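Since we're looking at a predicted model, the values are computed, not measured.
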Amino acid sequence: MKTQDVELGERSYPIYAGKALLTDPSLYARHLSGRNVLVVTDSNVAPLYLQALIESLGNHNVSQVVLQAGEEFKTLDAVSTVYDELMAQKFDRSSTIIALGGGVTGDIAGFAAASFQRGIQFLQVPTTLLAQVDSSVGGKTGVNHPRGKNMIGAFHQPTAVIADIDTLQTLPAREYSAGLAEVTKYGLINQPAFFDWLSDNLESLLQLDPDTVAEAVLSCCRFKAEIVAADERESGQRALLNLGHTFGHAIENAVGYGVWLHGEAVAAGICLAARFSALSGFMPHAQVTTIEKLLHRANLPIHPPAEMTAAQFLELMSRDKKVRDQVLTLVLMRGIGKAFLTSSYDREALHQMLAEQPAKAAT
Ligand code: NAD
Ligand code: GLY
């Protein structure tokens, strides 16, 4: 097991990553203060890991909520289901929620923890690659609105993240690839050496070689922890973590939540950000090809859905959380590992690029 701390003063917490952690009672004992524990999971993860986790909690008073799996169920109704169980069990402010599952479960359970009685503790036990490298770390919680991704939420840090890489063995290959989009993102933001490492080790990662997976998870958590520690509430540089997401969220919303996986939409979004960076003269065109090749090798789409129009993109992107006074800030790149934020770009050129996307959607 390896540990990476997220340094946030009194809200600091450890990320544990390694094998056989889900059933390690000492990790839960270390981070559960009150007696009451609500485990929130989803309908795919429950049959695989819920019982084993509960058996590792010792003699706590444990309750459970099993949510319907899927991005389309990342709604306020799901959060309400969690509140209902907390109320039914008369759980109080000393209670802890454990989020067992992917990013959807973590975001819902985290938001319930942020808002129930104005905030109770929660632990993240991520079981997808995407959640282990990204969503379980950093304290963003929330749900979707029919008109926009992650529009309702709160910052609420977990008390620990327990990332058991053994759980990735049961993850469907498509979901695993989706996680690789967020892994690639870190290389592109500010870790060019990691991008090269990823390119060299992608086959081992796709084969779930445990040492390679552990190294990838730990590295990504370290990169994210550094950014979050510097800008917890996204007043500046944390927005770099949204590379590819403004385009990606528009795709997820346009095709219907759950049709494209979040990571797939981010992959196509990263390619759009790269192409626009090159078109704007910020980045060499050859690097766009390098990025596309890597994402394609990871079995990810590199073009948006063929049916999406430029008007649809721009309308959905105008609701992005990086819009201020109707001006959208984009995350672009000056090269691999050199992402930056800008609101000075040619809007007409963006419109034209989105209108001219080739109809080559891979999903
Ligand atoms: P997910 O939670 O929907 O999980 C993907 C699928 O895999 C689900 O069907 C789930 O039931 C199943 N699953 C989970 N673990 C499994 C396992 N070990 N074995 C078999 N099946 C398993 O999706 P995700 O990709 O983990 O997360 C995507 C979500 O995360 C999106 O809603 C996105 O907006 C959010 N997100 C949040 C942050 C953040 O900072 N809070 C960051 C990135 C993404
Ligand atoms: N995934 C974006 C963030 O955590 O800030």
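Judged by distance alone, the side chain of Thr309 and the main-chain N or O of Gln312 form a donor-acceptor pair under 3.5 Å. In this structure, the side chain of Asp164 engages the main chain of Ala20 through a donor-acceptor pair within 3.5 Å. A donor-acceptor pair is defined here as one N or O able to donate and one able to accept, closer than 3.5 Å; such a pair exists between the side chain of Asp231 and the backbone of Gly236. Checked by atom type and distance alone, the side chain of Asp24 pairs as donor or acceptor with a backbone atom of Ser26 at under 3.5 Å. Checking side-chain atoms of Tyr176 against main-chain N and O of Leu205 turns up a donor-acceptor pair under 3.5 Å. Between the Asn201 side chain and the Ser204 main chain, no donor and acceptor come within less than 3.5 Å of each other. In this structure a side-chain-to-backbone donor-acceptor pair under 3.5 Å is present from Ser277 to Met333. No side-chain donor-acceptor contact under 3.5 Å links Asn61 to the backbone of Asn36. With hydrogens and angles ignored, the 3.5 Å screen pairs a side-chain donor or acceptor of Arg93 with a backbone N or O of Gln117.
The cluster map of Ile, Leu, Val, Met, Phe, Trp and Tyr, joined by side-chain heavy atoms under 4.5 Å apart, puts Leu241 and Met151 in different clusters. Following chains of ILVMFWY side-chain contacts shorter than 4.5 Å, one cannot reach Ile54 starting from Val40, and the two form parts of different hydrophobic clusters.
The closest side-chain donor-acceptor pair between Ser94 and Asp92 falls under 3.5 angstrom. The closest side-chain donor-acceptor pair between Gln157 and Glu232 falls under 3.5 angstrom. Of the N and O atoms on the side chains of Gln326 and Ser318, not one donor lies less than 3.5 Å from an acceptor on the other residue. Side-chain contact, Glu85 with Ser63: a donor N or O sits under 3.5 Å from an acceptor N or O. Side-chain contact of Tyr16 with His31: a donor-acceptor pair under 3.5 Å is present, judged by distance alone. Between the side chains of Tyr49 and Thr170, a donor-acceptor pair is found at a separation under 3.5 Å.
Here OH of Tyr13 is found 13.5 Å from CD of Gln121. Values are rounded to the nearest 0.5 Å. The CG atom of Leu67 lies 6.0 Å from the OG1 atom of Thr105; values are rounded to the nearest 0.5 Å.
Leu218 and Ala17 get closest at one heavy-atom pair: CD2-CB, 3.1 Å.
Using cut-offs of 30° and 60° on the angle between ring planes, the pair His245 and His249 is perpendicular. A parallel orientation is assigned to the rings of His156 and Phe122, their planes being inclined by less than 30° (bins at 30° and 60°).
Between Phe223 and Phe194, the distance separating the two ring centers is shorter than 6.0 angstrom. A ring-centre distance under 6.0 Å is not found for Phe282 and Phe276.
Residues Glu71 and Lys149 are paired through a salt bridge, judged by an N-O separation under 4.0 Å between the basic side chain and the carboxylate. Ion pairing between Asp107 and Lys74 holds under the 4.0 Å rule for side-chain N and carboxylate O. A salt bridge is defined here as a Lys NZ or Arg NE, NH1 or NH2 lying under 4.0 Å from an Asp or Glu carboxylate O, and Glu292 with Arg275 meets this definition.
By the neighbour-count criterion of 12 heavy atoms within 6.0 Å, atom NZ of Lys338 is sparsely surrounded, having that number or fewer from other residues, nucleotides or ligands.
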Trace of the salt bridge (Lys or Arg N to Asp or Glu O under 4.0 Å) decision for Lys140 with Glu234: CA-CA 10 Å; Lys140 280 189 180 177; Glu234 199 167 300; 2.5 Å; yes

Verdict with supporting geometry, Arg174 and Glu264, salt bridge (Lys or Arg N to Asp or Glu O under 4.0 Å): CA-CA 9 Å; Arg174 185 179 166 201; Glu264 293 171 341; 2.6 Å; yes

Chi angles and distances behind the salt bridge (Lys or Arg N to Asp or Glu O under 4.0 Å) call for Lys224, Asp134: CA-CA 7 Å; Lys224 183 155 184 181; Asp134 192 352; 2.6 Å; yes

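For Arg347 and Tyr345, the positive end sits near the middle of the six-membered ring, less than 6.0 Å away and at most 45° from its axis.
Of the candidates Thr23, Thr96, Val37, Val125, Val125 is the only one forming a side chain to side chain contact (heavy atoms under 4.5 Å, CB included) with Tyr28.
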